[in-house]
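See structure below.
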Number of protein chains: 2
Amino acid sequence: MDKTISPRTMGRLPIYYRYLEELQRMGVDRISSDKLAERIGITSSQLRQDLSAFGQFGHHGLGYHVGPLLERVSDLLGLNQPHRLVLVGAGNLGRAVASYEGFTRRGFLIKRIFDADPQLAGTYIAGAPVAPVTELGAYLAAEPTDVGVIATPATAAQEIADTLVAGGVRAIWNFAPVRLAVPDHVLVEHTHISDSLLLLSLRLHMQD
Amino acid sequence: MDKTISPRTMGRLPIYYRYLEELQRMGVDRISSDKLAERIGITSSQLRQDLSAFGQFGHHGLGYHVGPLLERVSDLLGLNQPHRLVLVGAGNLGRAVASYEGFTRRGFLIKRIFDADPQLAGTYIAGAPVAPVTELGAYLAAEPTDVGVIATPATAAQEIADTLVAGGVRAIWNFAPVRLAVPDHVLVEHTHISDSLLLLSLRLHMQD
DNA sequence: TAGATTGTTAATCGATTAACAATC
DNA sequence: TAGATTGTTAATCGATTAACAATC
């Protein structure tokens with residue numbers, strides 16, 4: 001029934017999601033492809049092409065209703081169902097991730113945080129209890145978990161990944177600057193913050 | 001003299017950089033396009049096509065020398081010249097960015113950190129002195145700065161961006177979840193950490 | 001209705017892949 | 001030399017843009 005959504009269109013879904021959310025927050029309930037595309041910085045042709053893959057949400061002569069379209073995009077992104085997460089690594093980056101209020105709001109629930117430092121056990125970060133990383137395996141055995149977030153030093157990352165995989169997570173969100181070896185059925189999303197800086201540097205350098 | 005480098009090829013430069021660095025760290029000094037492409041997960045055809053845009057670095061029958069190729073990629077990325085940065089926002093994310101040792105090593109020097117909390121003034125984070133954000137404008141007037149990093153709450157981001165632009169930065173690396181309005185000559189790289197999680201969620205959801 | 005704007009088809013453009021002659 | 005592997009050309013594939021009939 002659904003048309004297939006091309007990889008490039010998928011890559012734009014988070015962008016559409018963000019802009020539509022912003023429009024909703026601003027109380028806009030209808031927008032033309034021309035206006036939205038201009039805001040985002042793409043052509044209206046591309047926007048209509050993309051949106052039409054999600055189903056028919058536009059109204060001839062009127063534009064798109066923000067609400068239903070946002071609902072559809074959220075749905076495609078899987079945001080209308082909760083995800084249970086564990087976070088491993090309570091350093092600065094881990095804390096930053098745990099503290100991002102946008103996650104909870106979108107159904108990404110950090111159920112527990114694990115850290116190598118036993119001193120942190122028993123404390124709470126952004127409302128989530130911290131436990132020693134030695135208890136990660138046992139926790140996962142008891143509590144089904146969708147996603148494991150790795151915010152540890154690179155040296156620890158593979159071992160944590162192995163424990164997460166053995167514990168049955170379906171996906172790993174990895175911030176450690178190292179490639180993880182995992183079985184095919186486990187998704188890995190690498191977030192290389194430094195890649196952004198390299199691209200900025202490249203763009204700066206191209207200008208000269 | 002240089003062939004132009006296509007946008008998609010540019011986007012892969014940080015990946016090439018990372019893998020070549022890894023090879024060099026491992027002491028590998030020569031690799032075929034077949035082997036490197038397999039490691040990265042692209043076709044060898046694409047790799048050769050990309051690399052040929054950088055100049056002639058391969059040797060028929062032998063493959064590519066890691067050192068000179070890495071040198072060339074670093075050069076394209078602008079890593080062979082230092083960049084002066086200021087970081088605004090010393091919360092968890094700001095601290096995580098400041099503490100990433102990879103930046104200093106690649107010539108991204110965080111000269112000073114600014115924060116709204118005057119209590120932090122006079123302290124040091126990852127070797128960089130912290131000053132009150134009220135001094136940002138005066139600092140930039142005195143110290144030419146290439147890049148401003150914004151790791152503040154969304155509400156403060158635009159005002160900081162304005163101060164950075166007035167202070168003459170050439171680029172802004174923005175972690176705040178808000179679009180910044182800046183003049184055309186200033187580059188903005190938005191790093192939306194949450195976009196990664198949305199894409200992970202999308203991929204999880206597509207599997208079902 | 002007249003005006004606006006979608007959804008879609010066709011045309012263009014760009015990127016990836018395949019293939020192989022050149023060559024170390 | 002024989003074997004390996006590049007650099008590049010041509011073929012394929014996919015994505016973007018343009019254009020416009022359909023329609024609210």
Side-chain angles (χ1 to χ4, degrees), chain A residues 1-16 19-20 23 28-73 76 199 202-203 206, chain B residues 1-16 19-20 23 28-73 76 199 202-203 206:
Chain A
M1 188 189 80
D2 285 353
K3 302 180 200 176
T4 50
I5 299 174
S6 80
R8 304 298 289 283
T9 300
M10 281 190 197
R12 285 188 287 270
L13 270 167
I15 301 174
Y16 294 149
Y19 280 82
L20 289 167
L23 287 172
V28 176
D29 65 22
R30 193 194 283 161
I31 192 165
S32 70
S33 58
D34 243 27
K35 292 262 179 56
L36 182 53
E38 195 198 350
R39 215 171 239 274
I40 296 181
I42 60 176
T43 63
S44 62
S45 219
Q46 178 170 63
L47 181 65
R48 287 199 301 280
Q49 194 78 269
D50 280 351
L51 297 192
S52 76
F54 308 162
Q56 309 230 136
F57 287 91
H59 300 277
H60 284 258
L62 296 173
Y64 296 85
H65 276 108
V66 172
L69 186 54
L70 177 58
E71 189 58 26
R72 174 68 171 142
V73 171
L76 286 166
L199 284 175
L202 174 68
R203 288 165 62 206
M206 293 269 136
Chain B
M1 189 190 80
D2 285 353
K3 301 179 202 177
T4 50
I5 299 175
S6 80
R8 304 297 289 281
T9 300
M10 282 190 198
R12 284 188 289 270
L13 271 166
I15 301 175
Y16 295 149
Y19 279 83
L20 288 167
L23 288 172
V28 176
D29 63 22
R30 193 194 282 160
I31 192 165
S32 69
S33 58
D34 244 27
K35 292 262 178 55
L36 181 53
E38 195 199 351
R39 214 171 239 274
I40 296 182
I42 59 176
T43 64
S44 62
S45 220
Q46 178 169 61
L47 182 63
R48 288 199 300 281
Q49 195 78 269
D50 280 351
L51 297 192
S52 77
F54 307 162
Q56 307 229 137
F57 287 91
H59 300 276
H60 283 259
L62 297 173
Y64 296 84
H65 276 106
V66 172
L69 186 53
L70 178 57
E71 189 59 26
R72 174 67 171 142
V73 171
L76 286 166
L199 283 174
L202 175 68
R203 290 166 60 206
M206 292 270 135

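Order of the sequence lines fixes the chain letters, A, B, ..., with proteins taken first and strands second; residue numbering starts at 1 for each chain. Computed from heavy atoms alone, side chains included, the values below leave out hydrogens, waters and symmetry copies.
- Taking atom CG on L62(A) and atom P on dA2(C), their separation rounds to 18 Å, with Å as the unit.
- Nearest-nucleotide mapping onto DNA chain C: of Q49(B) and S32(A), the residue sitting toward the 5' end is S32(A).
- Side chain of R30(B) to main chain of V66(B): no donor-acceptor pair is present (N/O by atom type, distance under 3.5 Å, no hydrogens or angles).
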Let me see the working for I40(B) and R12(B) under side-chain contact (heavy atoms from CB on, under 4.5 Å), right down to the final yes or no.
CA-CA 10 Å; I40(B) 296 182; R12(B) 284 188 289 270; over 6 Å; no
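- Using a 4.0 Å heavy-atom cutoff across all strands shown, T43(A) reaches sugar-phosphate atoms only and no base atom.
- Rounded to an integer number of Å, the gap from F57(B) CZ to dT6(D) P is 14 Å.
- Computed from coordinates, the D34(A) CG to dA18(D) P distance equals 12 Å when rounded to whole Å.
- Across all strands shown, G58(A) has heavy atoms under 4.0 Å from sugar-phosphate atoms exclusively, and none from any base.
- In the interface, the side chain of S45(A) is paired with the base of dA18(D) through a donor and an acceptor atom under 3.5 Å apart.
- Between the P atom of dT23(D) and the CD atom of Q56(A) lies a distance of 10 Å, rounded to the nearest Å.
- Distance, I5(A) CD1 to dG14(D) P: 17 Å, rounded to whole Å.
- Nucleotide dC24(C) holds its P atom 14 Å from the CZ atom of R30(B), rounded to whole Å.
- Checking dG7(C) for Watson-Crick or G-U wobble geometry (two distances, each under 3.5 Å) identifies dC20(D) as its partner.
- Comparing D50(A) and L51(B) by the nucleotide of DNA chain D whose heavy atom lies nearest to each, the residue mapping closer to the 5' end is L51(B).
- When rounded to the nearest whole Å, the span between CD of Q46(B) and P of dT12(D) equals 19 Å.
- Taking the nucleotide of DNA chain D with the nearest heavy atom to each of S6(A) and H59(A), the more 5' of the two is matched to S6(A).
- Between R12(B) and the phosphate of dT16(C), there is a side-chain N or O to OP1/OP2 separation shorter than 4.0 Å.
- The line from OG1 of T9(A) to CG of L51(A) is 9.5 Å long, rounded to the nearest 0.5 Å.
- Within the nucleic acid shown, S44(A) has no heavy atom closer than 4.0 Å to any nucleic acid atom.
- When all heavy atoms of A37(A) and L47(A) are compared, the pair lying nearest together is N-CD2, 3.7 Å.
- The side chain of H60(A) lies closest to dG7(C) when the candidates are dT16(C), dA15(D), dG7(C).
- When all heavy atoms of Y64(B) and S33(B) are compared, the closest pair comes out as CE1-CB, 3.8 Å.
- Taking atom CG of residue L47(B) and atom P of nucleotide dA15(C), one finds them 17 Å apart after rounding to whole Å.
- Counting any heavy atom pair closer than 4.0 Å across all strands shown, R48(B) reaches a base atom.
- For Y64(B) and dC24(C), the shortest distance from a side-chain N or O to OP1 or OP2 is not below 4.0 Å.
- Judged by Watson-Crick or G-U wobble contacts below 3.5 Å, the nucleotide dC13(C) has dG14(D) as its partner.
- Across all strands, S33(A) comes closer than 4.0 Å only to sugar-phosphate atoms, never to a base (heavy-atom distances).
- Once rounded to the nearest 0.5 Å, the distance linking CZ of F57(A) with NE2 of H59(A) reads 9.0 Å.
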